[in-house]
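Here's the structure we're looking at; comments come further down.
Keep in mind the model is a prediction, meaning the values are calculated, not measured. In listed order, ligands and their atoms are each counted from 1. Along the sequence shown, the residues carry numbers beginning at 1.
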Amino acid sequence: MKKESKAGGPVFGNSRLTKMPFGGDYNPEQWPEEIWEEDMRLFRLAGVDCVTLNVFSWASLQPAEDVYSFEKLDRIMDLVKKNGLSVILATSTAAHPAWMARKYPEVLRTEFSGLRRKFGSRHNSCPNSMVYRKYSRLLAGKLAERYKDFPNLIAWHVNNEYGGACYCENCEKAFRVWLQEKYGSLEALNRAWNTGFWGHTVYDWEEIVVPNLQSEHFEENRTTFQGISLDYRRFCSDSLLENYREEQAAIKEITPDIPVTTNLMGFYKPLDYQKWAREMDFVSWDNYPPNEASAASIAMQHDLMRGIGGGRPFVLMEQTPSVTNWLPYNALKRPGVMRLLSWQAVAHGADAVLFFQMRRSIGACEKYHGALIDHVGTEHTRVFWEMQALGRELKQMGSQTMGSRTPAKAAILVDWDNWWALEYSAGPSCDLKYLDEVERYYTAFHELNIPVDFISTEDLLGSYRIVVAPVLYMVKTGYEEVLKQFVEEGGCLVTTFFSGIVEEHDLVVTGGYPGRLRGLLGVWVEESDALPEGAQNGFTWRGKHYPSELLCDIMHLETAGGEAVYESDFYAGSPVLARNAYGKGTAWYVATRSSREFYRDLVKVLARENEVREIWTPVAGVEICERRNENGRFFFFLNHGNEEAELTMEQDAVRLLEGRLYKKGEKLVLKGKDVTVCLV
Ligand SMILES: [Zn+2]
């Protein structure tokens, strides 16, 4: 059973939606009012039924410190209500007004280099500025008060894509307070940071300074003191989360029944989304994969977003209808791809399909970002037609899939503290990147059509048969007991090289690697050899040869059995793959990184041994996902390839978008980039 997030039930609370919301960011305030009616005509034509409003309007809503002006937003709210559109109303606090920066320079952020910023860009507000916090809270409350009676208001969208960090004096002071609350005493702090090293002992809280280019860092991701840098990451994530919580509280006081969210960004390193999601009513996120992204790498982000929300559906808050504007080469989404990626989001748990943006702006950095309505201003464009067709399909689908869940018996553990600590580590290899390792395992499950949940160290493991914890470098005090219990009761745990090394302060657990996991894994890792890029060792397992790269842990088997050995170098013949029987379960230690083929073969073995079944026989290039609810089991078939693909129906099913019945054994042909959804 998963630990549920703060709220349960449907994503949009009590609103009686009859279909998945379709539409997205709409910025009529950037346009003369004469064209608003034309926008409404085009929305009707495209099937748009939901808009996100007011994302960057602070300067217009509060033109001076003591002046608020809601008249234009009133007209926009009335317009969309009259036209039957649902609204996700943003609080506008991701970009403060110019007057505020001029009058109160403390609202501005200080960069990692120590440079104090001036007014400009967005995400430029210091999260620990009392002025910023006061006025953002006030604005959120005023918006809630003004629009609380709009029946079409389905959700609140606080700020926008929270992110970044600040290194100003306010943050430095707040960091000291945060540390005092966390550690209680300087003795505890000195111990946690191991400040005996390089004579860093602090004797007064005021001696603590922010870790940046002026102090402990020599690059943004390279520090001489991991303890303080790790705590600063936690503090920055918490500071922004506190901003979110304050606005949310101001809103909830007035509209307690309307859900509140903010749009996240998938695997976004600066913010501990697992902690964030516990505060949010539902998870929403922005999906902007580069054109070369694999189906698995996009799916992985969706699954993470579902996972942080405790398995509940999420909202696809933004994606581009066609093109982005920030890449070196902004390729168009090929015909069919926008539809394919929209359904992929639904297949992984989305209950809404929304876009940035509805009408393309004429100035500033997003004027070439894709939109439903292009600069030509008409419906006669490829992108409009594709959106219109998707709008029809979503209408046809109705609410059937809404609220449905993904049935996963396998899980991958992801932990932000581990991610931060691992990548601050000086050694063993500059090529060791957490998400690379996570993606290797995820891709294997994905290719085999085995659904996976992403879990945190706070989630319960009892409903899973397999848990993979790639590079579990940091084992927080007590978490080893959770893993032991899981395996003891019959679970299968897999972990890898460079695991169990440190505790939550990034201090090494002495007594032999993998530290607190040594008994569970039944191995002692004596040394770890980093291979330079391109260098390989190798091993043979169950008759097949695989490469070994990146890191080679050199280990001794204690209670574990060896499954394979290194084939070369001075540690040739020593074990590379170990398997330990523990209680009713099994714990695996994979001491090196290997090839895609190895991960697939390993996952096949794990799945077979633990009776975790694929949901459908894999077909090359076709992603197959399942969601379930009281209406039945929905299977999504997504052909990411350019060529036609053929599947055999494994059960009788209704093809929902085509409205016809398929009998078991019948062939289902999917053109390149095509999608179909079946109900079993
Ligand atoms: Zn600051």
Side-chain angles (χ1 to χ4, degrees), residues 56 58-59 62 65 91-140 158-183 189 202 204-217 219-221 223 225 227-250 262 265 268-273 275-276 279 416 420 424:
F56 287 102
W58 199 345
Q62 193 181 1
E65 187 165 11
T91 60
S92 278
T93 51
H96 54 237
W99 63 257
M100 195 184 290
R102 182 172 170 224
K103 188 165 181 190
Y104 303 104
E106 65 146 282
V107 302
L108 293 160
R109 283 193 188 176
T110 294
E111 290 180 359
F112 173 71
S113 64
L115 186 78
R116 175 38 85 57
R117 291 186 56 90
K118 294 192 175 188
F119 175 73
S121 194
R122 60 173 180 169
H123 304 310
N124 193 16
S125 312
C126 166
N128 290 298
S129 155
M130 288 303 140
V131 175
Y132 170 76
R133 285 167 61 164
K134 172 183 151 190
Y135 283 117
S136 54
R137 236 177 11 236
L138 256 175
L139 182 59
V158 170
N159 201 282
N160 185 63
E161 295 181 342
Y162 274 106
C166 180
Y167 299 86
C168 77
E169 285 174 10
N170 277 330
C171 286
E172 198 161 70
K173 284 181 194 142
F175 183 43
R176 291 176 191 140
V177 173
W178 186 92
L179 291 169
Q180 287 183 44
E181 281 169 14
K182 175 169 181 172
Y183 292 107
L189 176 137
V202 285
D204 190 313
W205 295 100
E206 299 297 309
E207 289 167 8
I208 297 166
V209 298
V210 293
N212 67 355
L213 205 52
Q214 297 171 303
S215 54
E216 298 293 2
H217 281 249
E219 283 173 20
E220 197 141 6
N221 287 313
T223 173
F225 256 85
I228 184 171
S229 298
L230 181 59
D231 271 339
Y232 202 69
R233 277 211 179 267
R234 291 166 170 151
F235 162 76
C236 289
S237 176
D238 284 359
S239 296
L240 287 166
L241 179 55
E242 191 53 28
N243 291 176
Y244 171 82
R245 285 160 47 98
E246 285 182 354
E247 286 192 42
Q248 177 170 256
T262 182
M265 295 176 283
Y268 179 67
K269 190 174 170 185
L271 303 185
D272 180 350
Y273 281 163
K275 197 168 179 182
W276 277 65
E279 304 290 332
W416 257 258
W420 294 333
Y424 271 148

Flag the pair Glu169 and Lys173 as a salt bridge only when some basic side-chain nitrogen lies within less than 4.0 angstrom of an acidic carboxylate oxygen.
no
Do Tyr132 and Asn170 get their side chains close enough for a donor-acceptor pair, meaning under 3.5 Å?
no
According to the interplanar angle, ranging from 0 to 90°, do the rings of Trp99 and Tyr135 count as parallel (below 30°), tilted (30 to 60°) or perpendicular (above 60°)?
perpendicular
Which residues and atoms, counting only protein N, O or S, are under 2.8 Å from the Zn ion (ligand 1)?
Cys126 SG, Cys166 SG, Cys168 SG, Cys171 SG
Would Phe112 and His217 count as a close aromatic pair, with their ring centres under 6.0 Å?
yes
Are a donor atom and an acceptor atom from the side chains of Tyr232 and Glu216 found within less than 3.5 Å of each other?
no
Does a side chain donor of either Ser229 or Thr223 reach within less than 3.5 Å of an acceptor in the other side chain?
yes
